[in-house]
Amino acid sequence: MDGAAIDLSHVDFSYGRGPRVLSDFSLHVPEGRLTALVGESGCGKSTVLSLIAQLYRPDRGTVAFGGVDTAGYAPESVLRNVALVDQDVFLFDDSVTDNVRYARPGAGDEGVREAYRLANADNFVRALPQGYDTRIGENGGLLSGGERQRISIARAILRDAPIVLLDEATSNLDVENELAVRRAIANLLSSRRTVVMVAHTLPIIRGADAIALIDGGAVAELGTHEELLARGGKYSRMWGASRPRRRGGHE
Ligand SMILES: Nc1ncnc2c1ncn2[C@@H]1O[C@H](COP(=O)(O)OP(=O)(O)O)[C@@H](O)[C@H]1O
Ligand SMILES: [Mg+2]
């Protein structure tokens, strides 16, 4: 892959015969930067991540990495270059460590443990009945939502992909888990990667290089937190400058 900038250009997308979710959607994501996607629930944030991850193809328009249309990419190449961290992390009925190592089959134990540590997962994994070798069961039923997300982050850290897509899911976690997930995300973001994240919490959004507000199937506002606040548009209404943190209501 030649460069990790991402370009969605004039993308139309619907799920099957359903209503159009994205309509002439264009967004440039610069290499090595953090771009946050915000907007009302159902506006298409997760859909944009799915299109970048090649889980779906656009009905019209293109998704390009490093200026090259991904339409011709082999699935393995996408897998190698893109790490997707979201709520429905796929876990197979194997040991927790096998589930993480799957991100980089050749990784040694030390590499896997380092990934656990950075993902803030080391403590709870060691506390499982058989520690690192515990089978986590179909769909990881043994793990809480926050723990599953940290396993997913450990995978992404181990994969070390140039593009990281993150669907931040802190809204339905308890406080302790939320803190742990946020620290894990901070570690994931600490090295220079191209990151697109659906962000719900203001501290992360504030630190983003660019924020894209999605409305009506396209990017309605684009800029830094300060720029969008100064604009006095939908973003500034959403976050309300006086409220340090707003929960619920907006995803
Ligand atoms: N797999 C799917 N099949 C059909 N419709 C979907 C699917 N996923 C999402 N949608 C619909 O597409 C729209 C955008 O969803 P989504 O991208 O998940 O929004 P957001 O992440 O911003 O909340 C919503 O109307 C949602 O109901
Ligand atoms: Mg979503």
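Order of listing sets the numbers, starting from 1, for every ligand and every atom in it. Position 1 is the first residue of the sequence; numbering continues from there.
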Novice: With a cut-off of 4.0 Å, which atoms of ligand 1 are near a heavy atom of Gly44?
Specialist: 14 (C), 16 (P), 17 (O), 19 (O), 20 (P), 22 (O)

Novice: Out of Gly16, Gly42, Ser46, indicate the one that has the non-hydrogen atom closest to atom 14 (C) of ligand 1.
Specialist: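 Checking each option, the heavy atom nearest atom 14 (C) of ligand 1 is found in Gly42.
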
Novice: Determine, considering heavy atoms only, which of Leu55, Ile214, Thr47, Val48 sits nearest to atom 15 (O) of ligand 1.
Specialist: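 It is Thr47 that holds the nearest heavy atom.
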
Novice: I'd like to check the salt bridge (charged side-chain N to carboxylate O under 4.0 Å, His left out) partners of Asp122; sequence neighbours left out, ordered by chain and number.
Specialist: Arg126

Novice: Would you mind telling me if ligand 1 is within reach of the side chain of Val21, the backbone, both or neither, using heavy atoms under 4.0 Å?
Specialist: side chain

Novice: Does Gly18 come within less than 4.0 angstrom of ligand 1, counting non-hydrogen atoms of the residue?
Specialist: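 No; Gly18 lies far enough from ligand 1 that no heavy-atom distance drops under 4.0 Å.
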
Novice: Considering only NZ, NE, NH1 and NH2 on the basic side and carboxylate oxygens on the acidic side, decide whether Glu114 and Arg117 come within less than 4.0 Å.
Specialist: yes

Novice: Of all heavy-atom pairs between Ala210 and Leu222, which one has the smallest distance, and what is that distance?
Specialist: CB-CD1, 4.4 Å

Novice: Asn99 vs Arg155, test: side chain to side chain donor-acceptor pair (under 3.5 Å). Steps then yes/no.
Specialist: CA-CA 8 Å; Asn99 264 282; Arg155 263 184 188 166; 3.2 Å; yes

Novice: Is Ser46 close enough to the Mg ion (ligand 2) to have an N, O or S atom under 2.8 Å?
Specialist: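 An N, O or S atom of Ser46 is closer than 2.8 Å to the Mg ion (ligand 2), so yes.
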
Novice: Non-hydrogen atoms of Ser41 versus ligand 1: any pair closer than 4.0 Å?
Specialist: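 Yes; Ser41 lies near enough to ligand 1 that a heavy-atom distance drops under 4.0 Å.
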
Novice: So if I count the atoms of ligand 1 from 1 in the order they appear, which ones are less than 4.0 Å from some heavy atom of Tyr56?
Specialist: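 What qualifies from ligand 1 is 1 (N).
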
Novice: Can you list every pair that meets salt bridge (Lys or Arg N to Asp or Glu O under 4.0 Å) and has a residue in residues 12-35, with sequence neighbours left out?
Specialist: Asp12-Arg20, Asp12-Arg60, Asp24-Arg60

Novice: Regarding Arg135 and Asp98, does a basic nitrogen lie under 4.0 Å from an acidic carboxylate oxygen?
Specialist: no

